[in-house]
Each structure stands twice: as C-alpha cells, then as structure tokens.
Amino acid sequence: MTGSLLRVENLVVEFRGGGAFALRRETVTAVKDVSFHIGAGDAYGLVGESGSGKTTTGRCVLGLQAPTSGSITLGTDDVGELRKRDPQLLHQRIQAVFQNPIASLNPAMTVARILAEPLRRLVGMKDPAAARTRGEELLDAVRLPTDVLDRRPTELSGGMAQRVSIARALASSPSLIVLDEAVSALDVATQAQVINLLADLRDETGVSYLFIGHDLAVVRHLCDRIGVMSQGALVEEGTADQVCHSPQDDYTRRLLDAVPVPDPTVKRVRHGHTTR
Amino acid sequence: MAVLRRVVTRPSGTIPLIWLAVVGFCALFPTVVATHDPNAADFASLLEGPSGAHYFGTDELGRDTFSRVVDAARPAALAGLQAVSISLILGLPIGLFVGYAGGWWDRIVMRVVDAIFSLPGLILAFAIVAILGPGLTNAMYSVGFLFSLRVIRLVRGMVLSVREEPFIEAARLSGAPTTTVLGRYLLPNMMGPLIVQTTISFAAVLIIEAALSFLGLGVQQPDATWGSMLRDARSFQRDNPWIPWPPGLAITLTVLAFNTLGDTLRDVLAAGPGGGSKAPRRGVALGLADGATTAARPAVDDTADPDPEALLSVRNLSVIVPTSTGPAPAVRGLDVDLRPGEIVGLVGESGSGKTVSALAVAGLLPRGVTIDPGSRIHFDGQQLVGLTEARMAQVRGTGIGMIFQDPTASLNPALTVGYQLAEPLRIHHGLSRAAATDRSVELLDRVGVANPRERLRDYPHQFSGGMAQRVMIAMALASEPSLIIADEPTTALDVTTQRQVLELLVELCDDLSMAMLFITHDLGVVAEICDRAVVMYAGQAVETGDVHELFATPDHPYSRALLASVPLLDDDEDRLVTIPGRVPGPGEQIVGCRFASRCEQAHDACAAGPVDLVTLAGGDRSSRCLLSAAAVEDGA
Ligand SMILES: Nc1ncnc2c1ncn2[C@@H]1O[C@H](COP(=O)(O)OP(=O)(O)OP(=O)(O)O)[C@@H](O)[C@H]1O
Ligand code: SF4
Ligand SMILES: [Mg+2]
C-alpha cells in the first residue's frame with residue numbers, strides 16, 4: 001500500500017518487571033515485532049484478548065508510550081521525533097477515544113470546557129465564544145443536542161458521553177483516531193448507533209481509524225482490515241472477511257469462538273438445567 | 001459547596017461542627033471565654049470542686065480549671081494544625097510524585113514507607129522526640145512525619161487508580177502539561193478522600209498529643225494542654241475526684257467530633273454528587289396504577305401473591321429516583337421469580353432500570369432512591385421491603401452475594417486483596433485471623449486464582465480484569481449465598497475472559513445450587529447462560545420467557561429490535577440495525593406504550609393508554625404490546 005497514512009514497522013515494547021530489590025528482574029515483552037499500515041481514510045481493526053498488547057500498540061501510536069525499538073511513521077513524520085519536537089502537532093493529528101465513556105471525561109468540567117481544551121491547546125482557538133460555536137458544531141456532528149454543552153459528564157448516559165469523547169477527538173480535525181475499546185462498554189442498541197456514527201464520520205471527514213477491540217463481530221462491522229494480536233505478536237492479518245470467515249490461525253478461531261451468539265441453540269455455556 | 005450543605009443538614013454533621021466551632025473559638029480567643037488567668041495560682045482555693053466562681057473547680061495550685069481547659073484549646077488546635085499540615089506538605093507531593101512517576105521511585109519510596117509502617121507508631125514518635133528533644137512542637141513534627149506516610153499511601157493509591165483513567169490520558173492528548181494534569185485533573189478528584197483522612201488525622205493527633213503530654217514529652221509547664229492536665233490530675237485525683245473530668249471530656253468530645261465528622265463526610269462523598277437531598281427518604285406512592293385498558297388478561301395481577309416455590313419472588317416492584325422534575329419511578333411494577341438454582345437474565349438498554357432493580361432486591365439502593373411501599377420482595381420466604389438496614393445486611397451476609405461490573409472499582413486500591421476477603425469473614429462469620437485466611441485461600445482457589453496464598457498479599461491493581469472479577473466472585477461466595485445478583489459482571493472483560501468467567505459462574509451455580517439474577521445488555525450472553533430472561537424497557541418488563549422460546553420467536557417489537565441490533569459475525573449488512581431515539585427517563589410522562597416513540601409498529605391505539613403485560617398463548621411467556629394482546633384475544 002503506497003498511500004499509507006500510518007506505518008508501524010517492527011514495533012517492540014518491553015517493560016521491566018519485578019520489585020526494586022528483586023534478585024531476578026524479568027522483562028516483559030508487551031509488543032513483539034508488530035508491523036502494519038493504515039491507508040488514509042481506512043479503518044484498521046486490532047483484536048485480541050486483554051494483555052495481548054493491542055492497547056500498548058495504540059499508546060505507542062498516540063505517543064503516550066515510547067517503543068523499545070521499531071518505528072511509527074505518520075505521513076512523513078516519525079511519531080517519536082514529532083513527540084519530542086512538537087507534541088501539540090502530534091496530538092492535533094492523532095487523537096483517541098477510550099473505553100469507559102464517563103471516565104474518559106473529567107467529572108469536574110462541563111462538556112463545553114472539555115471540548116474547549118483541545119481547541120485552545122491544539123488548534124489555538126483562544127476566543128471562548130468561537131470555541132463555544134465550534135463546540136456546538138462538534139456536538140452536532142456526533143448527533144447530540146447543543147444543550148449538552150452545559151452539562152457535566154456525570155449527567156450524561158454512556159452513549160452520550162462516548163459521543164462527547166468522539167466530538168473531543170474530532171475537535172482538532174485529526175487524520176487518525178485511535179479507538180481503544182471505544183464501544184465495548186456500551187449497550188447493544190447504543191453500540192450499534194455509535195458504530196454507524198463512526199462509519200458516517202469516516203465518510204464525511206476522511207479520518208482514519210485504528211480500532212482496537214476484542215469482539216470480532218463488532219470490529220468487522222467497521223473495519224476494512226483486521227490484525228489479530230496474541231501475546232504481543234500479530235498472528236494474523238487480512239481483510240475483515242478473510243479473518244472472520246476463513247481464519248488461518250488457531251488463536252483467531254478461538255477468538256471467533258468466544259463471541260457470544262444470541263441464539264441459545266447454537267452454543268451454550270449452560271447445559272441441562274431445567275426448572276419446570 | 002453542595003457537600004458542605006449536605007453535611008450540615010445531618011445531625012451527625014451539625015453537632016460535631018458546632019462542637020468544633022466552640023473549640024475553635026476558644027483556641028482563637030481564649031481570653032474572651034476564660035474567666036480567670038489560666039496560669040494564675042491562688043493558694044486560697046486549692047483543689048476546689050465546681051462553683052459559681054470556678055465553673056470546673058480549681059487544681060492543685062488553685063488555678064481555674066475552666067480557664068485552663070479553654071486555654072488548652074489553642075495548643076491542641078496548633079498541635080493538630082502543625083501535625084496535619086506537615087503530613088500534607090510532606091505526603092501530598094511525595095504521594096503524587098511516586099504515584100505518577102511510578103517505576104523505581106515508587107518502589108523505593110513504598111518499601112521505605114512499608115518498613116516504617118511496620119514499626120509501632122507511638123514508639124517511633126518517642127524515638128523522634130528523643131532525638132529532637134521534648135516539647136510539643138517536636139512531638140508534632142514526629143506525628144506529622146508519621147501521618148505523612150499515611151497520606152503518601154493514600155495519595156499514591158488514588159493516583160495509581162486514576163492515573164490510567166482515560167480522562168487523564170485524554171487530558172494529555174488534549175495538550176495539557178504534566179503539572180496541569182497533576183494539579184487540575186488529579187487533585188480535585190482526590191479531594192474527598194483527602195478531606196476525610198485529614199479530619200480523622202486531627203482526631204488521632206489529639207490522642208497522640210494527649211498521650212505524649214501525659215507522659216511528659218509534650219508541652220512544658222506551666223502552659224496547659226489537655227494531656228498535661230490529665231497527667232497532673234492523676235496525682236490529685238484522690239483529693240478531688242472531679243479534677244480529671246474537664247480535660248478528659250474535652251479530649252473525648254473533640255476526638256469524637258472529628259471522627260463523626262469524618263464518617264459523615266465519607267458517607268456524603270460516597271453518595272456522590274447530587275445524591276438526593278431533594279428526594280424524600282421514604283417511598284412516595286406515585287399513583288402508578290395503570291388503568292387496565294386491554295381486554296386481554298394481565299399476565300400477573302398486581303395483587304398476585306409471591307410464588308411460594310420461588311427462592312426470590314419480586315412483585316410489583318417500583319423504585320423511585322430523584323429527577324430534575326421531582327421523584328419519579330425508574331422501575332414500574334416489575335415482577336420477577338427465581339426458582340432455586342435458576343439463572344434468570346435481566347436484559348435491556350442502558351437506563352432501562354436493571355441496576356436499580358437489582359440494588360433494590362439487595363437492599364443497596366443509594367441514598368435518595370427508595371422502594372415504593374407497595375412493592376414486595378420475597379426472598380427465602382421473608383419479605384425484604386421495609387427491613388431495617390441492619391437486618392438487610394444480615395440477609396445479604398448469609399443469603400445474597402453481589403457481583404458488580406467493574407471489579408477494580410469495587411475493590412479498595414489501598415488494601416490487599418487478602419485483607420478485603422478476610423475482613424468480612426472475621427466480622428460476619430466470626431472467624432479467627434488464621435481461619436479467615438485459610439477460608440480466603442479456599443475461596444480464591446475455588447474461583448480459579450492460581451497461587452491463592454501468595455496472591456492474598458497483592459493489591460487489586462496487581463490483578464488483571466478477569467482475575468479481579470474472580471476475586472469479586474470469591475467475595476460473593478464467602479457468605480455461601482443461595483442467590484447471586486450479578487450486575488454486568490463480564491461487560492468490562494474481553495470475549496475470551498468473559499467466556500471463562502461465564503463458565504465459572506454457571507459451574508458455581510450448578511455445584512453450589514445457587515440461583516443467579518444476571519444483569520446484562522448483551523443478548524448473546526443471555527442466550528448462552530440463562531434459563532429465562534426478562535427484557536426490560538424504561539422501567540418495565542416488556543417480555544419474559546424461556547430463553548429458547550424468546551430468542552426463537554421474540555414477540556415484543558423492542559425485543560426484536562434489540563436482537564436485530566446485535567452485530568453478528570456472519571451477516572452481509574454493512575450498517576447495523578439501530579433503534580432510533582433513546583430510552584425515556586423516569587421523569588418523562590408517557591400516557592401510552594412507553595416504547596411507542598421508537599416502535600416501528602406503533603399505531604394510534606398505542607398512545608391511548610398504558611399497556612399491560614399479557615400472557616402469550618402457550619403459557620410461560622408474556623409480552624407488553626397491544627399487537628400481542630390482540631393476537632391472544634384472536635386465538636382465545
Ligand atoms: N441514584 C440515582 N439518582 C437518580 N436517578 C437514578 C439513580 N440511579 C439510577 N437512576 C435513574 O434510573 C434509571 C435506571 O437506571 P439503571 O442504572 O437502573 O439502568 P440500567 O438498566 O442498569 O442501565 P445500564 O445498562 O446503563 O447499567 C435511569 O434513568 C437513571 O438515570
Ligand atoms: S404497544 Fe404499540 S408501540 Fe408499544 S410495542 Fe406494541 S406496537 Fe409498539
Ligand atoms: Mg446498570
């Protein structure tokens with residue numbers, strides 16, 4: 001793929017474990033030699049169970065975690081370098097939405113202030129009135145009524161809070177948004193709405209996604225390509241259909257198998273119990 | 001400040017505050033309150049009892065005890081302020097720093113703190129006093145130092161638990177520098193516990209100050225402190241038994257005031273912002289009676305008796321929550337039955353009232369949220385509505401186990417898992433320390449935690465999400481319950497871990513013959529583990545039935561829409577089916593079917609009046625929809 005927006009090459013992240021005075025210091029390799037590309041306007045899914053290294057990979061892309069080795073390039077810039085040289089510019093270009101919708105928003109601030117922060121710091125929009133107008137536009141983009149501006153996170157439902165997080169991520173008009181388990185905490189009905197919203201926003205703005213998740217049924221609905229991570233390594237990669245319908249790796253098959261199916265006749269944890 | 005307002009509206013807040021204000025006034029203006037010079041000896045009146053001239057009598061030098069007690073308020077307040085401010089000045093930055101920086105710094109500082117902590121506090125204070133020399137200020141330095149360790153622990157624990165909170169990360173992504181993150185984001189969200197800790201520290205400082213002065217290591221003569229007055233009183237108690245009372249009472253009342261205030265603050269802060277001061281404490285009858293408008297037979301008559309065979313039988317449960325427009329029902333006349341060993345799913349969108357229903361059954365409703373008095377909850381033959389807090393705790397402690405969604409949030413980050421497991425076993429089941437430890441090991445082993453004995457010493461953040469949830473399950477099992485209430489226990493887990501935890505729960509239910517009320521919004525999970533399901537919408541059950549039937553032929557339009565919006569591995573649609581709009585809030589007045597505004601099959605009659613739950617042809621299922629009612633009529 002030539003027109004890649006993000007290139008992750010041979011990414012390795014190691015954490016040093018053990019106590020301060022432990023005799024043996026173990027090194028945990030959280031990410032092992034991971035490479036993938038995301039084209040401009042594409043949505044790339046990264047799946048795996050917790051602890052498989054997907055969040056660490058996402059944090060490296062965001063510049064929140066320094067890689068032990070390997071490189072991450074955004075357009076023509078090295079992310080590590082950009083973080084040192086101009087962190088604001090990095091954050092302007094790559095934004096994130098996290099899992100827990102309410103916890104992602106500072107409970108002490110109103111939505112208006114939450115949206116004004118990136119506008120002021122990353123886009124240089126210092127005028128409060130202008131920031132408010134832009135805040136209204138952003139809420140409109142994520143299909144929220146503008147009166148949400150004056151509410152606090154604790155006064156929002158999970159789905160609304162997640163939309164505010166998406167609005168905040170959109171504020172600096174980034175070229176890539178890392179969505180780390182961004183719909184996992186939402187109920188089915190809200191999840192479906194947010195997934196459709198994310199798809200629409202991609203069509204409207206041309207933003208790319210790195211969509212991190214554990215439920216292949218969800219990831220497949222939003223992503224063009226999917227990478228499967230297990231114990232730090234990328235064990236399988238392909239188009240969404242390839243990965244979901246003709247998985248090559250055993251681990252992928254296990255992941256597919258663990259997806260709950262809303263049909264009691266298909267597979268069931270509970271057998272036999274009858275009450276009446 | 002709203003918190004302050006809620007504190008002063010309670011007697012447990014007002015009374016300590018008044019007492020502390022009195023003490024504070026004495027400390028600031030002792031000469032105004034005192035009737036005599038506190039240090040003026042009067043050898044004409046030695047060791048007198050209380051009188052008009054000397055309210056609290058006199059001491060061995062004829063000094064006025066009342067004036068001395070008043071005068072001693074100042075050193076007490078100063079001592080408290082000194083010690084507490086030192087503890088904050090030292091503890092706050094160090095705690096913030098090591099919590100935020102982590103790594104080496106954290107490990108070294110915490111080792112040192114843990115090591116010092118393992119020494120008896122008072123002995124350490126003596127050692128410091130021995131080095132610095134006696135005197136109240138030195139004593140308070142040492143106490144302040146000791147308390148700073150506590151603050152370091154507390155702050156570090158809180159930073160650790162919020163450091164990885166998404167909103168902190170998001171703040172950094174929004175371009176906020178580290179100092180801003182620490183000051184503007186971390187600190188305000190830690191104020192609550194800090195204020196509580198500080199208040200309680202004051203009480204502890206007073207006791208230590210009194211102890212040190214009592215031993216002659218504190219304030220030097222002739223200045224009075226409550227501790228030194230007690231010490232002096234000791235020698236003359238035989239001549240004047242009254243003499244230790246005033247300083248003794250002053251210490252006791254002040255310590256009590258700080259502790260009570262601390263507890264009240266903790267309660268108020270735990271209730272969360274907005275935690276219902278407006279809401280009435282007792283349930284209000286809100287006229288929930290839905291006029292029967294359909295000819296079809298209502299599935300469950302409001303007056304129907306609880307099912308005698310059921311372990312849990314909920315009838316006509318209504319739960320009232322405070323809203324901006326006044327109290328309103330978040331749950332409206334819910335009926336649920338659980339037979340022994342049965343797993344029943346409570347499923348529905350966010351805001352449909354699942355959690356509130358579960359908390360009502362467990363008697364754990366937050367302040368300001370109440371059960372309508374017309375509700376009935378029969379558990380094991382006992383009516384739970386109206387039980388006192390204490391009786392309810394007993395029911396929970398012996399029969400009902402709870403598991404919540406976020407395991408790490410339900411565990412205290414500052415205490416080891418072993419402590420949190422063993423503590424209730426010692427309190428509720430009267431086990432000895434060793435027996436409680438053994439039982440904890442057994443429980444952890446039962447839920448599949450490897451190396452249980454070693455893991456008891458670990459703190460919650462050292463557990464992965466799945467393992468932490470196993471710990472929560474172990475805690476729920478501790479009381480050997482016959483009913484487990486699980487509120488979205490696997491929502492925060494990844495699919496593979498979720499499957500393991502579900503398998504564990506089902507296995508435990510089978511092996512230990514426990515029934516489980518399983519709350520989730522994931523229909524896939526319901527299909528995999530539940531025997532029966534209750535689909536909830538906007539506070540009502542809209543469809544109930546055996547899972548096989550319910551999933552094969554969902555009857556209610558809402559159940560159908562909910563099923564359709566589940567993303568599947570093998571459908572060809574790119575866009576997911578969504579239900580337009582949102583769940584109406586408890587306060588929204590809706591005359592007809594509560595789902596009408598979002599229902600594809602809504603017609604004129606739907607808005608006319610409330611819709612009843614009707615039993616469907618074939619027996620064991622019911623649905624709250626006019627279309628079903630009509631179908632039943634036709635069939636009948
Ligand atoms: N302490 C409270 N004070 C005021 N309103 C409350 C309180 N707790 C719940 N509510 C309201 O009661 C309704 C039902 O809430 P509940 O938490 O039971 O929903 P739920 O079905 O558990 O949703 P979720 O899937 O998000 O957990 C909501 O409208 C909510 O706003
Ligand atoms: S009663 Fe009417 S609005 Fe309500 S679910 Fe049935 S068809 Fe839809
Ligand atoms: Mg809930």
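We name chains A, B, ... by the order of the sequence lines, and we start the count at 1 in each one.
Looking only at heavy-atom pairs under 4.5 Å with chain B, the residue among I94(A), D187(A), I114(A) that has the most is D187(A). Heavy-atom pairs under 4.5 Å with chain B were tallied for P87(A), G48(A), P107(A); the largest tally goes to P107(A). When the candidates D570(B), T578(B), L569(B) are compared by the number of heavy-atom contacts under 4.5 Å with chain A, L569(B) comes out ahead. The greatest number of non-hydrogen atom pairs below 4.5 Å with chain B, out of H221(A), R120(A), Q95(A), is found for H221(A). Of the listed residues (G213(A), A192(A), S184(A), S172(A)), the greatest number of heavy-atom pairs within a distance under 4.5 Å of chain B belongs to A192(A). With chain B as the partner, the residue from R254(A), R143(A), M109(A), Q92(A) showing the most heavy-atom pairs under 4.5 Å is M109(A). Counting heavy-atom pairs closer than 4.5 Å to chain A, the top residue among L550(B), L562(B), V547(B), T491(B) is V547(B). In terms of heavy-atom pairs under 4.5 angstrom with chain A, the leader among L493(B), D106(B), D522(B), V526(B) is L493(B).
With a threshold of 4.5 angstrom between heavy atoms, V577(B) approaches chain A through N, CA, C or O but not through any side-chain atom. Looking at L505(B), there are no atoms closer than 4.5 Å to chain A (heavy atoms on both sides), in backbone or side chain. In this structure, chain A has no heavy atom under 4.5 Å from any part of D546(B). Heavy atoms of L62(A) lying under 4.5 Å from chain B belong to its backbone as well as its side chain. For Q498(B), the part sitting under 4.5 Å from any heavy atom of chain A is the side chain, from C-beta outward, and nothing else. Within the 4.5 angstrom heavy-atom criterion, only side-chain atoms of L563(B), from C-beta onward, approach chain A. Looking at L186(A), the atoms closer than 4.5 Å to chain B (heavy atoms on both sides) all sit in the backbone: N, CA, C or O.
Here the shortest heavy-atom pairing between M160(A) and L144(A) reads O-CD1, 3.8 Å. The minimum heavy-atom distance between G58(A) and V178(A), with the atom names listed, is CA-CG1, 4.3 Å. Residue G587(B) comes nearest to T323(B) through the heavy atom pair N-CG2, 4.2 Å, listed as atom of the first residue, atom of the second, then distance.
Side-chain contact check for D150(A) and T110(A): no donor-acceptor pair (N or O, by modelled atom type) lies under 3.5 Å.
Put simply, the side chain of H214(A) never gets that close to the backbone of E49(A): no donor and acceptor are under 3.5 Å apart. The backbone N or O of D337(B) sits less than 3.5 Å from a side-chain atom of R532(B), completing a donor-acceptor pair.
The shortest side-chain heavy-atom distance between Q193(A) and R163(A) falls under the 4.5 Å cut-off.
Salt-bridge annotation for R168(A) and E117(A): absent, with no side-chain N of the basic residue lying under 4.0 Å from a carboxylate O of the acidic one. For the pair D224(A) and R202(A), the salt-bridge criterion is met [side-chain N within less than 4.0 Å of a carboxylate O].
By the side-chain hydrogen bond (donor to acceptor under 3.5 Å, both in side chains) test, D494(B) is found to be paired with S50(A), T496(B), T497(B), residues two or more places apart in sequence or in another chain being considered.
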